[in-house]
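Report on one structure; see the data block that follows.
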Amino acid sequence: MALAVNFAGTALFVIGVAAWADDLFSGFDESTFALIAVSLLCPFVFLISRNPVQQFLSLGWVFAVGWIVAFEERSTPV
């Protein structure tokens, strides 16, 4: 249950930060703000958690969002 809450909470946090950044800073890319937010949140989750799956998911979020930001410009027409 804790893994599901962690996964859903992180997803909602990332989506919320991206929506907030899109409303507040319309000239900037909101996915970059999501990457910054995940990069600040997930190390705390990694350090606090004792579950290796939860630690892996926290690092996976940073990797996945970073990958999306890195290749976002290429996939815009798709």
Side-chain angles (χ1 to χ4, degrees):
M1 181 68 175
L3 290 173
V5 170
N6 177 22
F7 191 78
T10 305
L12 290 174
F13 180 73
V14 170
I15 291 168
V17 166
W20 171 77
D22 190 35
D23 290 342
L24 197 59
F25 307 107
S26 59
F28 295 103
D29 188 22
E30 66 271 359
S31 61
T32 305
F33 286 104
L35 178 62
I36 292 168
V38 168
S39 297
L40 293 174
L41 172 71
C42 288
F44 291 115
V45 173
F46 184 83
L47 293 173
I48 292 171
S49 176
R50 294 176 191 249
N51 188 341
V53 176
Q54 199 168 14
Q55 290 176 338
F56 176 76
L57 284 176
S58 69
L59 294 177
W61 274 107
V62 176
F63 179 76
V65 174
W67 194 262
I68 289 169
V69 170
F71 292 103
E72 185 176 34
E73 294 299 320
R74 289 184 177 179
S75 64
T76 301
V78 174

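Put simply, Val17 and Leu24 are part of the same group of oily side chains (I, L, V, M, F, W, Y) that touch within less than 4.5 Å, one to the next. Linking Ile, Leu, Val, Met, Phe, Trp and Tyr residues whenever their side-chain heavy atoms come within less than 4.5 Å places Phe33 and Phe13 in a single cluster. Linking Ile, Leu, Val, Met, Phe, Trp and Tyr residues whenever their side-chain heavy atoms come within less than 4.5 Å leaves Phe46 and Val14 in two separate clusters.
In this structure, the side chain to side chain donor-acceptor pair (under 3.5 Å) partners of Gln54, at least two apart in sequence or on a different chain, are Ser49.
With rounding to the nearest 0.5 angstrom, the CG atom of Leu3 is 5.0 Å from the CG atom of Asn51. Going from atom CZ of Phe7 over to atom CG of Leu12 covers 10.5 Å, rounded to the nearest 0.5 Å.
Under the side-chain hydrogen bond (donor to acceptor under 3.5 Å, both in side chains) criterion, the residue pairs touching residues 7-16 are Asn6-Thr10, with sequence neighbours excluded.
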Anything under 3.5 Å between a donor and an acceptor, one on a side chain of residues 59-70, the other on a protein residue two or more places apart or in another chain? List them.
none

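Here the shortest heavy-atom pairing between Ala18 and Ala34 reads CB-CB, 4.5 Å.
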